[in-house]
Amino acid sequence: MLDIGLIRKESEAVRQRLLTRGMGAADGLDKVLEVDEERRRLLGEVEKLKAERNAISKEVGVRKAKKESADDLLAGMKEKSDRIAELDKQAAEVEAKQEGLLLSIPNLPWEGCPKGSTAAENPVVSTWGEPKKFDFKPKDHVALGEALGILDFAASAKVSGSGFAVYRGEGARLERSLISWMLNLHSGEHGYTEVSPPFLVRESSMVGTGQLPKFREDLYAVEGGELFLVPTAEVPVTNLHRDEILTEGDLPKKYAAYTPCFRREAGSAGKETRGLGRMHQFDKVELVWIEHPDRSMKALEELCQHAESVLRKLGLHYRKIELCTGDIGFGAARCYDLEVWAPGMGQFLEVSSCSNFMDFQARRMGLRFKGADGKNRPCHTLNGSGTALARLFIALVETYQTQEGGVTIPETLRSIFGSDRIGKELSKPKP
RNA sequence: GGACGAGUGGCGGAGCGGUUGAACGCGGCGGUCUUGAAAACCGCAGAUGCCGAAAGGCAUUCGUAGGUUCGAAUCCUACCUCGUCCGCCA
């Protein structure tokens, strides 16, 4: 949520910055200014009346205490109160309207964001490793996984429909191992506190991180309740500190969390839907920072390094791109994506999105810190996948497949996985 | 799911419908004292919004939303959350 004070003071600059996102991104700005003016007008009027009423009521109390009559003061007070009630109602309506408008305006892209209008204009920041070379034609993970019996799409379709997967045997074990290994890495080496949050959250949490009110159609809602399935651990974890005033010494807060992620993926049917590429449910280890505004851009670099370290340790070829103003997400001010190479599919797959939301989410959720000057200011929030599963699984099995149709397990995963390969000639680790 | 009880400032905990944003204690901040610290003593201090260049003023806020009243932390209703007991259960 943008600061209404900023919108008021620098409306033209705000408009120009929003427009770098594309046509329509500044819609609602004029309306919100108009509503804000009306709100302040009403507030001025009603607060003046309330001040009068308070003064008179206080005097009534004094007179009654002295057993004196206050009838002269009470005359006309009912009308005054009715007028106040009427104006209060109007003010509440206008405030709700303003809130609704503000919640639907996207964040300002950071001033240093590359300008552009589509994903095609996202610059590649860096590339790590090389595409794996094969002496044979590499299979994609669907062919490979089904032949090995570690993926079963027929079963998941039967149980839940398209967009789901059943991992079996060594496949399920690999998935679980990756989650544990990543959590160990981030909590053990990168200083994150591991948390295991609820997978269903209330509406206010979704509003806090920005999924609602605008993107309801992307979410799974639980029927008959007001709970939603989390689309990312960002939601429950960032909201851990909603409505809190932290001290500067509390910052940064760094959390790592595993959750499954549930997304309707409405409108993307038929697009990249083969195999594990785009699922209604996938696993993810998420990194969340709550940081001091002065340090959040540095924090974004660090957070992204932590996500990158996952891919490096696994020896997976990837590239890092920075999202341009036209492609950046609703709440993000700056964002890097990490895309890992899947040799069987012959494409890069997004496995991490590392964003600095600056004060956008913090304003929505009332997350502040008390600065050295004693003033309360919104914190900055960041998050990034560290990393998303399913696609990491794809890259891993496709990269490490063998000519015989098995999969070699990278050195770093072997002890937690309990073996050095999947497939024929499965061997136990040497004692 | 059923019954009962409770929700007050960072924490604990008072609070007759009227000069209560709220006693008191702890914690916090600033000072006095001290070589320094502790103790003791004195003082300051919630949050949000509106107006204002500022100083400051005003409004709102005692789980949430309504209601009664000239006036609500205090009375009424609903909801939420927590606790206890019962039932069910991984």
Side-chain angles (χ1 to χ4, degrees), chain A residues 1-10 32-103 196-208 212 222-228 236 239-251 253 260 290 359 361-379:
Chain A
M1 178 158 78
L2 299 183
D3 177 9
I4 184 64
L6 180 74
I7 295 179
R8 232 167 21 219
K9 268 193 236 103
E10 300 179 33
V32 86
L33 280 166
E34 189 186 314
V35 169
D36 180 53
E37 200 158 312
E38 173 71 355
R39 172 183 140 261
R40 288 184 297 144
R41 188 187 68 73
L42 284 166
L43 240 35
E45 192 175 342
V46 73
E47 285 182 4
K48 188 162 156 266
L49 283 172
K50 282 181 177 176
E52 290 169 18
R53 183 181 68 182
N54 287 348
I56 294 172
S57 287
K58 192 175 263 191
E59 179 61 20
V60 170
V62 173
R63 293 250 196 114
K64 295 249 162 147
K66 289 194 279 189
K67 305 264 202 271
E68 293 173 9
S69 164
D71 292 352
D72 56 323
L73 294 175
L74 259 30
M77 281 294 274
K78 178 69 179 162
E79 288 67 30
K80 200 184 276 281
S81 274
D82 288 347
R83 177 68 182 147
I84 287 172
E86 172 59 28
L87 287 171
D88 255 348
K89 196 174 151 224
Q90 286 180 33
E93 277 165 14
V94 168
E95 267 173 359
K97 196 168 170 186
Q98 176 171 328
E99 175 89 354
L101 286 166
L102 282 174
L103 288 175
S196 179
F199 300 165
L200 288 109
V201 299
R202 43 188 358 159
E203 180 166 356
S204 51
S205 293
M206 289 291 192
V207 171
L212 290 177
V222 176
E223 185 161 2
E226 51 301 302
L227 293 175
F228 296 83
N239 276 284
L240 247 26
H241 293 286
R242 191 174 62 199
D243 287 321
E244 288 186 8
I245 303 174
L246 304 172
T247 64
E248 283 201 42
D250 290 332
L251 302 173
K253 295 264 187 197
I290 299 170
D359 61 3
Q361 295 181 323
R363 275 184 200 285
R364 289 174 161 248
M365 64 175 82
L367 168 55
R368 300 93 91 205
F369 72 98
K370 194 170 282 296
D373 57 1
K375 291 231 169 63
N376 298 330
R377 300 162 61 195
C379 301

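Below, read A as the first sequence line, B as the second, and so on, with proteins coming before strands; counting in each chain starts at 1. Note that this is a predicted model, so its numbers are computed, not measured.
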Roughly, in whole Å, what's the span from [atom1] in [X] to [atom2] in [N]?
X        : N     : atom1 : atom2 : answer
A:Leu42  : B:C51 : CG    : P     : 12 Å
A:Arg364 : B:U48 : CZ    : P     : 19 Å
A:Met77  : B:G18 : CE    : P     : 16 Å
A:His241 : B:G10 : NE2   : P     : 16 Å
A:Lys375 : B:C29 : NZ    : P     : 20 Å

(message) Among residues at least two apart in sequence or on other chains, which ones pass salt bridge (Lys or Arg N to Asp or Glu O under 4.0 Å) with A:Arg368?
(response) none
(message) For A:Glu38, give me all partners under salt bridge (Lys or Arg N to Asp or Glu O under 4.0 Å), at least two apart in sequence or on another chain.
(response)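 Salt bridge (Lys or Arg N to Asp or Glu O under 4.0 Å) list for A:Glu38, sorted by chain: A:Arg41.
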Strictly below 4.0 Å: does [X] bring a side-chain N or O up to OP1 or OP2 of [N]?
X        : N     : result
A:Arg368 : B:G46 : no
A:Arg63  : B:G18 : no
A:Arg40  : B:G49 : no

(request) Kindly determine whether A:Glu95 and A:Leu42 satisfy side chain to side chain contact (heavy atoms under 4.5 Å, CB included), including the steps that lead there. (result) CA-CA 10 Å; A:Glu95 267 173 359; A:Leu42 284 166; over 6 Å; no
If the condition is side-chain contact (heavy atoms from CB on, under 4.5 Å), which residues does [X] pass it with, not counting sequence neighbours?
X        : answer
A:Glu93  : A:Lys89
A:Leu251 : A:Leu246, A:Ile290, A:Glu291, A:His292, A:Arg295, A:Phe369, A:Cys379
A:Arg83  : A:Glu45, A:Leu49, A:Glu86, A:Leu87
A:Leu240 : A:Val195, A:Val237, A:Tyr255

(request) Please answer whether the main-chain N or O of A:Leu2 pairs with a side-chain N or O of A:Arg363 as donor and acceptor at a distance below 3.5 Å. (result)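 Absent.
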(message) Is it the case that atom NZ in A:Lys80 sees more than 12 heavy atoms from other parts of the structure closer than 6.0 Å?
(response) yes
(message) Counting only heavy atoms from other residues, nucleotides and ligands, does the tally under 6.0 Å from CZ of A:Arg202 exceed 12?
(response)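 Atom CZ in A:Arg202 is not packed in, count stays at 12 or less.
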(message) Let me spell it out: for each of A:Asp36 and A:Val62, pick the nucleotide of RNA chain B with the closest heavy atom. Which residue's pick is nearer the 5' end?
(response) A:Val62
(message) Here's a test of your reading of the structure: between A:Lys78 and A:Lys370, which maps to the more 5' nucleotide of RNA chain B?
(response)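 Looking at the nearest nucleotide for each, A:Lys370 comes out on the 5' side.
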(request) Could you list by number each residue of residues 46-59 of chain A showing a heavy-atom separation from RNA chain B of less than 4.0 Å, or answer none if no residue does? (result)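 Listed by number, they are A:Glu47, A:Lys50, A:Ala51, A:Arg53, A:Asn54, A:Ser57, A:Lys58.
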(message) Using a 4.0 Å cut-off on heavy atoms, which residues in residues 82-100 of chain A reach RNA chain B? List them by number, or say none.
(response)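 Nucleic-acid contacts, sorted: none.
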(message) Can you pull out every salt bridge (Lys or Arg N to Asp or Glu O under 4.0 Å) where at least one residue sits in residues 239-249 of chain A? Sequence neighbours excluded, please.
(response)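 Found none.
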(request) Please test A:Asp88 against A:Lys50 for salt bridge (charged side-chain N to carboxylate O under 4.0 Å, His left out), starting from the C-alpha separation and ending with a verdict. (result) CA-CA 10 Å; A:Asp88 255 348; A:Lys50 282 181 177 176; 3.1 Å; yes
(request) Could you run through RNA chain B and flag its stems, i.e. three or more consecutive Watson-Crick or G-U pairs with both distances under 3.5 Å? (result) B:1-7 with B:80-86, B:10-12 with B:24-26, B:28-32 with B:40-44, B:46-51 with B:56-61, B:63-67 with B:75-79
(request) Answer whether the closest heavy-atom distance between the side chains of A:Val201 and A:Asn239 falls below 4.5 Å. (result)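 With C-beta onward as the side chain, the pair stays apart.
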(request) Scan nucleotides 75-82 of chain B nucleotide by nucleotide, 5' to 3', and note B when protein non-hydrogen atoms come under 4.0 Å of the base, S if they reach only the sugar-phosphate, - if neither. (result) --------
(message) Classify A:Arg377 by what it touches in the nucleic acid, base, sugar-phosphate, or nothing, heavy-atom distance under 4.0 Å.
(response) nothing
Quick one: side chains of residues 57-67 of chain A, donor-acceptor pairs under 3.5 Å with protein atoms, not counting sequence neighbours, listed by atom name and distance.
residue : atom : partner : partner atom : Å
A:Ser57 : OG   : A:Arg53 : O            : 3.2
A:Arg63 : NH1  : A:Ser69 : O            : 2.9
A:Arg63 : NH1  : A:Asp72 : OD1          : 3.1

